[in-house]
Amino acid sequence: MIDRKLIAAALIPIAGICALIARAELRRTAGDQYLIPIAGYDPRDLLSGHYLRFRYDWEKLGVDKDDDCRWNHGDTCCICLRPGPGGDLMHPQAESTSCASARDCAAFVEGNAAWEPGRVYIPETQGDRLQNIVRDRRAAVMITPQRSGVPTVNALYIDDRPWQEAGDK
Amino acid sequence: MWNERRLRRWREAGLIDDATVARIQAWEQQQQRPWLLYAIGGLGALTVALGFLALIAANWEAIGPVAKLGADLLAGGGLAFALLRTDVRSVENGGSGRWLREVLIVLLWGWTLASIGLVSQIYNMGGETWQALLLWNVLTALLVTRGTSGFVAALGYIGVGWTVVVMMMALGKRSGHEAWVMVPAQIVSTALLFASGSRRLARVRPAFARVAGAFGWTLLLFTIAAVPNAFYARWDGQDVERYFASIAVGLGCTLALLLFAPRLIEPLVDGEVPPRAAALLRVLFGLLLSVGVASLVLPHDRLGVVAALAFIALWGLVAAFAHASDQRRLLNTATAMIGVRLFIVYAEVFGSLLRTGVGMIVSGLIVLGLVWLWVRKSLRRAPAAPTQADSQINDDTGGTP
């Protein structure tokens with residue numbers, strides 16, 4: 001006779017991991033995926049461990065760097081995302097605005113997530129190569145904006161293609 | 001081995017006979033556990049679990065995410081199945097093979113953390129490290145409590161302690177108060193000490209209670225060694241404000257230990273808790289509380305002499321408590337700590353060599369005097385123990401010699 005508590009004890013971790021996978025998968029497919037350009041968080045320390053640190057380069061999507069949204073709204077300055085011409089999600093348009101207004105947009109990224117550095121995991125053996133590529137070419141991340149305003153980062157892109165397909169030049 | 005030595009001494013003193021010796025030895029043989037098997041098996045399981053983590057950290061891109069997740073879930077399912085099957089077989093075989101059950105618990109515990117890391121990596125999940133660790137502890141809490149060995153207990157406590165430390169560090173960074181970094185040791189040691197004194201835990205999971213006591217007392221002794229050193233720093237109101245959270249938690253934990261001191265001694269002694277030991281432990285916690293308040297709450301200049309005296313006083317109480325509760329190893333440790341601190345006092349040279357020398361001679365003579373008084377008092381109190389010859393005379397004549 002198997003101890004019922006032991007059965008539960010053995011199954012709870014597996015159920016928990018399955019739930020974690022399901023939640024992550026739901027978040028990834030919750031909405032449209034947008035391609036957002038990125039820049040190095042710190043040119044001297046672009047790579048930390050086995051993940052790439054980056055910051056979103058909203059200026060490349062049309063956000064005015066002299067915009068006083070952050071000055072006026074602080075942490076409640078969000079990024080409003082709209083598809084590009086013809087519904088192009090690979091080249092969206094962005095605008096900084098108050099979070100209250102941003103919630104009416106097609107998608108938005110909330111203050112902390114928009115302006116704080118993000119990270120994307122990369123293989124251990126690709127660190128040096130990717131560091132150079134991200135610095136020298138057009139790097140971006142594919143994100144799925146969420147209703148909470150904290151996007152899911154899906155993948156690293158180089159020159160509009162997944163990094164695995166990017167050559168060395 | 002020490003059992004054999006004691007049995008031989010008791011036999012030679014005529015306290016027990018050969019038949020009793022044989023019965024005790026037979027019983028001890030039955031109680032023996034395969035410690036070596038547990039130790040090696042446990043180390044092997046831990047190494048495999050750490051290997052899982054390293055594989056995940058490498059983020060091996062040659063395997064696609066679906067394959068990685070599939071293989072991972074298959075491994076987890078396999079471990080769970082093996083655990084349940086081993087448990088059934090162990091029960092059928094009258095308890096043999098329990099070591100394998102413990103090993104599988106460790107493997108499944110390690111697998112869970114590795115899997116959380118794998119999912120985080122594949123889906124680029126954000127969040128902080130403490131959140132992943134907290135999830136790991138929640139998912140494996142019931143699993144760890146199914147273990148019965150000290151090794152599983154130790155790993156479980158280390159997992160929880162690690163999570164608390166990382167949480168407090170994150171809290172400190174977020175609030176801008178590095179004070180929170182000092183909190184984990186106090187909360188963790190207090191919780192472990194209370195766990196060790198829990199009668200229910202001792203009944204249901206004796207290995208867990210024992211390991212909790214070992215960790216808890218070790219952390220407490222570190223605290224006793226560390227707190228007096230705060231007198232070496234110049235302390236003002238700003239420092240008190242900066243570290244207030246940590247100080248408050250520490251003092252609160254010490255107060256809680258003071259109130260429940262006798263319960264903490266129960267696992268250390270056979271039978272009733274000696275009242276003297278309970279009183280000494282209360283005095284120790286009271287002095288620790290006082291030294292903590294004086295060094296961390298009240299502003300002060302650098303007071304090396306006070307630091308040394310406080311240290312020696314605290315460890316003197318530890319030694320007294322150890323003697324009252326018959327904890328020989330603790331007594332030796334406390335004596336060694338006092339000895340080391342006296343050497344440091346000599347090296348510190350308070351004021352001048354002359355002053356230091358005179359101070360140490362006077363202190364040493366006081367200690368020797370106390371020891372002499374104590375020995376005289378003990379000799380006067382203890383009745384003469386009857387020897388075997390005396391017993392023989394009593395049997396023959398029916399009277400005392």
Side-chain angles (χ1 to χ4, degrees), chain A residues 1-30 49-54 109-110 112-113 116-127 129-130 141-144 146 148 150-156 162-164, chain B residues 54-66 69-70 72-88 91-92 101 104-105 108-127 132 135-136 138-147:
Chain A
M1 183 68 181
I2 302 178
D3 178 12
R4 271 189 221 164
K5 276 189 186 165
L6 187 65
I7 296 174
L11 294 180
I12 285 173
I14 297 171
I17 297 301
C18 288
L20 199 62
I21 294 170
R23 180 175 171 268
E25 196 58 38
L26 275 172
R27 282 173 64 89
R28 176 185 277 198
T29 54
H50 302 304
Y51 51 84
L52 182 78
R53 283 192 186 278
F54 64 86
V109 179
E110 64 96 21
N112 285 331
E116 294 291 318
R119 65 186 186 193
V120 60
Y121 286 98
I122 58 172
E124 178 187 36
T125 54
Q126 300 290 328
R129 177 178 163 249
L130 282 172
V141 287
M142 188 68 81
I143 66 167
T144 304
Q146 304 291 324
S148 62
V150 179
T152 303
V153 177
N154 298 328
L156 176 68
W163 72 265
Q164 292 92 335
Chain B
L55 268 181
I56 301 308
N59 196 6
W60 200 12
E61 80 274 20
I63 307 175
V66 174
L69 288 174
D72 183 60
L73 288 173
L74 206 62
L79 285 171
F81 176 75
L83 173 60
L84 295 173
R85 196 165 160 78
T86 303
D87 186 62
V88 168
V91 169
E92 285 169 358
R101 184 180 176 280
L104 287 165
I105 287 175
L108 194 51
W109 173 82
W111 170 87
T112 307
L113 180 61
S115 299
I116 291 171
L118 178 66
V119 175
S120 299
Q121 212 176 69
I122 288 173
Y123 289 98
N124 282 301
M125 291 170 78
L135 177 64
W136 171 50
V138 167
L139 291 179
T140 56
L142 189 59
L143 176 68
V144 168
T145 58
R146 295 305 94 199

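As the structure is a prediction and not an experimental result, all values here were calculated from the model.
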Roughly how far, to the nearest 0.5 Å, is CG of B:L118 from CD1 of A:I21?
7.5 Å
Could you pull out all residues at least two apart from B:T145 that satisfy side-chain hydrogen bond (donor to acceptor under 3.5 Å, both in side chains)?
none
Measure across B:L142 and A:K5 and return the closest heavy-atom pair with its distance rounded to 0.1 Å.
CD2-O, 3.7 Å
Please identify each residue that fulfils side-chain hydrogen bond (donor to acceptor under 3.5 Å, both in side chains) with A:E116, with sequence neighbours left out.
none
Relative to chain B, which segment of A:Q164 carries a heavy atom at a distance below 4.5 Å: side chain, backbone, both, or neither?
neither
Is there a donor-acceptor contact under 3.5 Å from the side chain of B:N124 to the main chain of A:Y121?
yes
Is it the side chain or the backbone of B:L73 that comes within 4.5 Å of chain A heavy atoms, both, or neither?
side chain
Most heavy-atom pairs under 4.5 angstrom with chain B, which of A:A24, A:C18, A:A15?
A:A24
Using heavy-atom distances under 4.5 Å, tell me whether B:L135 contacts chain A through its side chain, its backbone, both, or neither.
side chain
Quick one: CG on B:L143 to CG on A:L11, what's the gap to the nearest 0.5 Å?
10.5 Å
Between B:S115 and the options A:L20, A:I17, A:I14, the side-chain contact (heavy atoms from CB on, under 4.5 Å) test singles out A:I17
Side chain / backbone / both / neither for B:L104 at chain A, heavy atoms under 4.5 Å:
neither
Taking side chain as C-beta onward, heavy atoms only, is B:R101 less than 4.5 Å from A:L6?
yes
